[in-house]
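Reading through the structure tokens given below for one structure.
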Amino acid sequence: MDVLTVTALRKRFGPVEAVDGVSFTVGAGEAVALLGPNGAGKTTTLHMVLGLTRPDSGTVEMFGHDMTRDRARALARANFAASYLHLPAVLRVEEVLTVYAHLYALRRPAVRVAEMLELLEIGHLRRQRFARLSSGQQTRVLLAKALLNDPGLLILDEPTANLDPDAADRIRRLLAEQAARSGRAMLITSHNMREVERMCDRVHFVSGGRIVATGSAAELAGAYGVDDLEAVFLRVARGGGPA
Amino acid sequence: MTVAYDVASGAARRRRVAGIVRRDVYALHRNGGRLLDIFFWPVLELVIWGFVTAFLRANNVPIAVSMLLGAVLLWHAVARAQAELAMVFMQDVWSRNLLNVFAGPISLGEFLAGHVIFVAGLVTASTAVLSTLALLLYGIGVTTIGPAAVPFLVVLTGMGWGLGIIAIGIVIRFGEGTQSVAWVLAAAFQPFAAVFYPVAVLPPVAQAIAWAVPASHVFEGLRGLLAGHGIDWAGLATAAALDVALLAGAVAFLAHALRHARRTGRLSKFGE
């Protein structure tokens, strides 16, 4: 069953066609990546999926709920983290998570916050203000926030952009383990091709607001006659097509 | 058992509103500098107007004219409610947290309700502190006005909320560059609010504007009360009706601004 169905999304900003007829699905337990160069329309697509930007046309259905009509019911079962977003700077880590545990109407906020502090290995930071954390620590707190409601769909925009390779690797393992255990679906954008190869079942390459190629990492590499996803990325970004 | 309440249940709605209140309380607790805005500057203003009032009373100016300190205390409710509502919203903008909030299940009504509850508590606390101080220093306070002080303060706080919601709407509609509006919107209405002088001294066009401002009815009522005319219930009812209209208009404008921001992609810009 698909947890997310995106159909013919379009968005124009002035003369720029930011998203031009994008359609894709994310099935339960599936990890799907949106890849593409800067300005390809990935983040605009994610923001339309989350209801932050309204599409000019097209539809988004999340858990069977139409996002324009039943946004709250859909978003209660999803969550989101982005490397470019922060959390209230002056609040302590524990306070930030407590606030979001309430915003997602969790039954036992304190218990769930304690679980997330342990899961993300940030218990020792609970009394630190968010602004005083390193970028790697902030990413962990953002992910703790994103996992608070045990989402059926986790949407991640450049989740490991601010992390060193070791920290990024730990986060990827954690997310993959969590997804495997809970059957969680993930929709991810990333510029780290290794990350996508390891984490995602399916990849959509976006260029000029359109999906120009779809498949698993291995299928795409085969179709483009190259060794890996990074080479596919370079071909797509430079306007090349399949072999 | 699922980890969360059903999204449309009363328990879930209360929890989301409580989440916003908690955010505001934590942010206030962690930012001592804001106490300057909430208490220090108003106390400074109170001291200045307190001496002016004491001087006028020493020169036998009628209390209905000389009650500047009472007017300052009441206007404080409008200014504080407006500024604090704008402040708690701007904190989310400055910390790039706004998209995290709006990417969740919270509704605009719940978001506003949480902030409004917090601001109501803050205005009550700061008005109580200022009034107590005024009573101790000058023998005049909100209590001097009598029981009418309660509806006066409710109406004025409601006007502050309305202006605060409009200020938030302006920032969402036109972008972060307009945030200065958030700090001056209440002050822009002060000339028409008859705080220190009666509406009658204004030119006819300004009078027409003044009668559409809820606060002007309160301050005219205050002067009448101090002159011994009793509580002007009709004036208070008019002020309350204007408040309701202002709040309804403000919420409608904010909802429009949010729709516009979603349509133009401006909402996403708050994450940059």
Side-chain angles (χ1 to χ4, degrees), chain A residues 11-14 18 43-44 46-56 70-82 84-92 94-96 98-109 111-112 115 129-131 142 145-146 148-151 155 157, chain B residues 1-34 88 91-92 94-108 110-111 114 258-272:
Chain A
K11 188 68 197 175
R12 172 180 280 275
F13 297 121
T43 294
T44 301
L46 288 193
H47 285 193
M48 286 194 282
V49 166
L50 287 160
L52 296 169
T53 299
R54 188 185 172 93
D56 294 336
D70 209 358
R71 186 178 159 275
R73 200 165 279 284
L75 291 177
R77 294 174 63 187
N79 213 316
F80 171 58
Y84 49 84
L85 293 184
H86 286 201
L87 292 163
V90 297
L91 267 58
R92 292 175 172 177
E94 195 169 33
E95 292 169 342
V96 167
T98 301
V99 166
Y100 276 95
H102 280 75
L103 294 184
Y104 282 88
L106 303 192
R107 288 174 188 272
R108 296 187 300 164
V111 172
R112 191 64 184 157
E115 287 171 359
R129 292 182 186 211
F130 183 80
L142 282 161
K145 171 255 165 196
L148 267 172
N149 60 329
D150 193 15
I155 298 174
D157 201 353
Chain B
M1 188 171 72
T2 56
V3 296
Y5 289 108
D6 179 81
V7 70
S9 67
R13 290 181 198 281
R14 283 193 295 277
R15 192 138 279 190
R16 290 194 289 269
V17 171
I20 295 292
V21 176
R22 270 178 185 264
R23 193 220 73 102
D24 293 345
V25 171
Y26 290 146
L28 177 65
H29 185 56
R30 299 276 164 243
N31 188 352
R34 281 192 59 210
V88 291
Q91 283 175 332
D92 273 337
W94 294 328
S95 61
R96 284 190 283 157
N97 179 49
L98 197 64
L99 294 193
N100 281 321
V101 174
F102 283 124
I106 196 164
S107 69
L108 179 61
E110 291 158 356
F111 176 76
L258 202 52
R259 279 196 302 275
H260 179 273
R262 284 192 165 115
R263 196 171 60 244
T264 58
R266 191 181 287 281
L267 189 61
S268 292
K269 300 286 180 197
F270 287 108
E272 292 176 353

Against chain B, label [X] side chain, backbone, both or neither, depending on which of its atoms sit under 4.5 Å from a heavy atom there.
X: A:Ile155; result: neither
X: A:His86; result: both
X: A:Arg129; result: side chain
X: A:Phe13; result: side chain

message: According to side chain to side chain donor-acceptor pair (under 3.5 Å), who are the partners of A:Thr53, at least two apart in sequence or on a separate chain?
response: B:Ser268
Ring centres under 6.0 angstrom apart (B:Phe102, B:Phe111): yes
query: Given the options B:Ala12, B:Ala18, B:Ala103, B:Ser9, which has more heavy-atom pairs under 4.5 Å with chain A than any of the others?
result: B:Ala103
- prompt: In terms of heavy-atom pairs under 4.5 Å with chain A, which of B:Asn100, B:Leu258, B:Ile106, B:Val21 leads?
  reply: B:Asn100
message: Counting only heavy atoms not in A:Arg71 (residues, nucleotides, ligands), do more than 12 fall under 6.0 Å from its CZ?
response: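 Check passes, neighbour count above 12.
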task: Go through B:His260 and B:Arg266 one step at a time and tell me if the side chain to side chain donor-acceptor pair (under 3.5 Å) criterion holds.
output: CA-CA 8 Å; B:His260 179 273; B:Arg266 191 181 287 281; 5.0 Å; no
In terms of heavy-atom pairs under 4.5 Å with chain B, which of [options] leads?
options: A:Val90, A:Asp56, A:Thr43; answer: A:Val90
options: A:Leu50, A:Val111, A:Val99, A:Leu52; answer: A:Leu52
options: A:Ala89, A:Pro88, A:Ala131; answer: A:Pro88

field: Toward chain A, the part of B:Leu98 with a non-hydrogen atom under 4.5 Å
entry: neither
task: Would you please test B:Arg22 and B:Tyr26 for side chain to side chain donor-acceptor pair (under 3.5 Å) and show each step?
output: CA-CA 6 Å; B:Arg22 270 178 185 264; B:Tyr26 290 146; 2.9 Å; yes
A:His102 versus B:Arg16, side-chain donor and acceptor atoms under 3.5 Å: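 Note: B:Arg16 and A:His102 side chains miss the donor-acceptor criterion.
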message: Just by distance, no angles: are the side chains of B:Asn97 and A:Tyr100 close enough, under 3.5 Å, to form a donor-acceptor pair?
response: yes
